[in-house]
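One structure is given below, encoded as structure tokens.
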Amino acid sequence: MQKVYLDNAATTRMHDEVLAAMQPYLTNVYGNPSSIHSFGREARKAVEEAREKTAAALGGEPREIIFTSGATEANNVAIRGVARALQQKGRHIITTAVEHHAVLDACKALEAEGFKVTVLPVDAYGMVSPRDVADAITDETILVSVMLANNEVGTVMPVAEIGKICRERGVVFHTDAVQAIGVLPVNVDDLQVDLLSLSAHKFHGPKGVGALYVRKGTKLKVFSFGGAQERKLRPGTENVAGIVGLGKAIELAVTDMEAKVSRIKAMRDKLMTGLLSIPHTRLNGHPEKRLPGYVNISFQYVEGESMILSLDLKGIAVSSGSACTSGSLDPSHVLMAMGLDHQTAHGSLRLTLSAYNTEEEIDYVLSVMPEIVARLRAMSPVYPGKD
Amino acid sequence: MQKVYLDNAATTRMHDEVLAAMQPYLTNVYGNPSSIHSFGREARKAVEEAREKTAAALGGEPREIIFTSGATEANNVAIRGVARALQQKGRHIITTAVEHHAVLDACKALEAEGFKVTVLPVDAYGMVSPRDVADAITDETILVSVMLANNEVGTVMPVAEIGKICRERGVVFHTDAVQAIGVLPVNVDDLQVDLLSLSAHKFHGPKGVGALYVRKGTKLKVFSFGGAQERKLRPGTENVAGIVGLGKAIELAVTDMEAKVSRIKAMRDKLMTGLLSIPHTRLNGHPEKRLPGYVNISFQYVEGESMILSLDLKGIAVSSGSACTSGSLDPSHVLMAMGLDHQTAHGSLRLTLSAYNTEEEIDYVLSVMPEIVARLRAMSPVYPGKD
Amino acid sequence: MYSEKVMDHFMNPRNVGEIENADGIGEVGNMKCGDIMRIYLKVSDQEVIEDIKFRTFGCGAAIATSSAITEMVKGKTLAEAWEISNKQVAEELGGLPESKMHCSNLAADALKRAIEDYRSRKAQQEA
Amino acid sequence: MYSEKVMDHFMNPRNVGEIENADGIGEVGNMKCGDIMRIYLKVSDQEVIEDIKFRTFGCGAAIATSSAITEMVKGKTLAEAWEISNKQVAEELGGLPESKMHCSNLAADALKRAIEDYRSRKAQQEA
Ligand SMILES: Cc1ncc(COP(=O)(O)O)c(C=O)c1O
Ligand SMILES: Cc1ncc(COP(=O)(O)O)c(C=O)c1O
């Protein structure tokens, strides 16, 4: 059966060159980077080269890069770390309603500990207003965290504008850039961010490794103890092969980005137009300020998981903001924050492309989708145009 | 140049079969285990199989295994998690002076937050007394953490005895078993532990992945937020390939363990006897209750790093408890806790074997060592038998 | 994730549709949770389920359990049908993922509502 | 980790040993930190360093800096030698790892002690 992977927001296939770069560190270069003998020094060199590549891709300094086990950890270290380091200065944090749970739940946990957390609303497109950020900042504010691009609808946030505001007001600014690497220009100075999280597997690197950019001078208090690795901000024997993979992946991600992006966009537009030609559909997320590979569409009268399963049986992998895919009861907090009603949220489908997709794959998806939707609608008790 | 790796306590070379098991998950099986489509389900299946293997190796249930990014994280989750979950019950924690920094520093951080921490002393062999543990337990005690085997001198702790005491007194018991997997029998019921940490790269698995065994019913509060992975105890997209590698590595580690261990022991004894025949040397750690692959020896009048460098130039990789290898000022806290004077501690060398070593390698080390020690002693201002 | 039996019921659902002039209709679930099931009954004078149909908005488990229960009770008496629990439906399907046991496994409830509806109509007619 | 020059001095240290009847001896470091350096001087009447030897217990950096400084100052006057800083020794060696800049880079201090020792002996002789 033909297999079509359109869930690149969940994870991506690893680039062959990334695996090739990792291979020595999975076999004969196995030293611990903390060891001073030749085995250790070879591993150390590889880690530091990856750090340089990561810094170069983001426009920062190598010593500003901390490798982690992923963006979840990077987000937690950033949010909790700043909160704890600056709690004497103030105990107010600002974030948005559409952040990843790693950010949102870390903030909520701090709220339970006595911090004040302002969760800013978003508009119907999932966009936060820089104005709202500015208005929310008080003398007590120590941290603002706004994602660079949303991982469900792909809406790209005005992070540079918010960064400017935060800098003027002297507030530390963190952005979760997980979905943006390789598809948007990500430069820590242009964005005026102090902290930035990323995860290698979202841009054709390995799973289980990420990075946190920490601008020089940014104070973080850590809660994880052990060795002196990563300037003590992230102790534990380094995932050498993973870090090398991240370095290679980010280097490849920013190479020829525009060409890749315009190819992805062309496929995306074809997919979007085709799907929207099915009746009772609507696009979720911002029509323009959106990641190039994102199509999030709601199909009225049908539930997301049933569409995922139906597509899966045709070899097509997508995801949904429906509660049924997460095991929780409520549909996606992102779609709800955008004001969608429950039915529309439950009927959402997220199709996310990468450079590995082809136009033939898009054609294939468009050829099977109408039938699938029709079949499920025919079963639906809420579908008005019965049988 | 001949290369001899005798730093297997720092990290080990990955087993070929482990890499072979990982390979599909580094290439075409790249789904996110949380995704419900076929790509995701394949990844999920691999993770759950690894969980079964890990549980089987430890004598626990699959649902009692939490995958982490390594033992550092596992130790932190365990110590902090129990402390926070049970702080209403009491605020006293017991550990030993020779634990890994991940345990010791996590405990110290809790001390700074108002917990009472008893750091038990060890004897000259690095051994803690179960009696001391029993005496230290009070009504306030909520957690005891004692490592299964020490990572510097290899002393094997009386963990089963301590486990029995803890169970009788109703105190949660954690053990850091990092150095024991594949060389000692490790069964969570025999050891009577509630929590157990391990790290794959210490037993020929990949770096950057570990596990925490959490006995059913053990309460943990987490401080890391994000997705619902690993029963919410360890959020973040799973390092699928790494987890598969851990599963395969632990399966291999416990296979034919006795045969491997007796081979390692034979080499170890030859190495030890040979090195101790150099004058002014002494064995550190317990003479019998010791990991099979461990030789920790102090060479009087010379400093560890200078020996490491000299051996490195001969292609031999070892480590030392000297301060100079860690960038800190004090020598190993383990050797100091055992009562060694500074000179003896600085002059320590740790040579750790694995099944990959050969007798020829041991012969080679023994052939170069006397010369190296003699050269450095000749330079030493504290060596009495000058020139 | 789902058993083969679930997938079979999901892809080839039995008894989809409506019954015109049904003797009883039951609906459970709500849009918040993303599951709505409606069951239509045709009941004989002997209180045997002669025909049963369903419409469901929901995930694979919701559709499969709806389909399965219609097969399980067709030809049964209302008294027999009333005894069927959500758990039995899940068992009939070879089990359901744990996360689906609560929100999407409501077919037996929908059937009970339909039987209740039939009975209350009957009571009204007789009154 | 270490530059080639450090490794060269470590493996082929210059001027190892003692000077019998040295004109000045200086020692720095302590066993706690794991570095002890002792420097022996033979000084001419013109206060030129005619001979210099060292013994060092310590890591690669400690041994290399000891060796390097002996080469740097042999034939120099005490006044010139006095001006040499630990930093200059590190530079001469092509740099040292940051963690080694403090504890193991004490050769200039040892030399200063030796010069001081020479001077205090001289002062005693003259007194
Ligand atoms: C926006 C965003 N932040 C954080 C994460 C967490 O990344 P990881 O699961 O690799 O830790 C993800 C992906 O799940 C994401 O999309
Ligand atoms: C006893 C012990 N505990 C914990 C660790 C930490 O393991 P990792 O660095 O893989 O997190 C190590 C290894 O460094 C160890 O030897």
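In what follows, chains carry the letters A, B, and so on, assigned in the order in which the sequence lines appear, proteins first and then strands, with residues in each chain numbered from 1.
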Quick check: closest heavy atoms across [X] and [Y], and the distance to 0.1 Å?
X      : Y      : answer
A:S306 : C:G58  : CB-O, 3.4 Å
A:P381 : C:T56  : CD-C, 3.3 Å
A:L309 : C:G60  : CD1-CA, 3.5 Å
A:E305 : C:A61  : OE1-N, 4.3 Å
A:Y301 : C:F57  : O-CD1, 3.2 Å
C:K32  : A:P331 : O-CD, 3.6 Å

Is the [atom1] atom of [X] crowded by more than 12 outside heavy atoms at less than 6.0 Å?
X      : atom1 : value
A:Y125 : OH    : no
A:K314 : NZ    : no
A:Q2   : CD    : yes
C:K87  : NZ    : no
A:R377 : CZ    : yes

Can you confirm if the NZ or CZ of A:R375 lies within 45° of the ring axis of C:F10 and under 6.0 Å from the centre of its six-membered ring? yes
Distance (rounded to the nearest 0.5 Å) between C:C33 SG and A:E303 CD: 11.5 Å
SG on C:C59 to CE on A:M307, rounded to 0.5 Å: 12.5 Å
Using non-hydrogen atoms and a 4.5 Å limit, figure out which bit of C:M7 sits close to chain A: side chain, backbone, both or neither. side chain
Name the region of C:I63, side chain, backbone, both or neither, that has any atom closer than 4.5 Å to a heavy atom of chain A. side chain
Check: C:R55 side chain, A:A378 main-chain N or O, donor-acceptor pair, under 3.5 Å: yes
Is the side chain of A:H342 donor-acceptor paired with the backbone N or O of C:M31 at a distance under 3.5 Å, no angle test? no
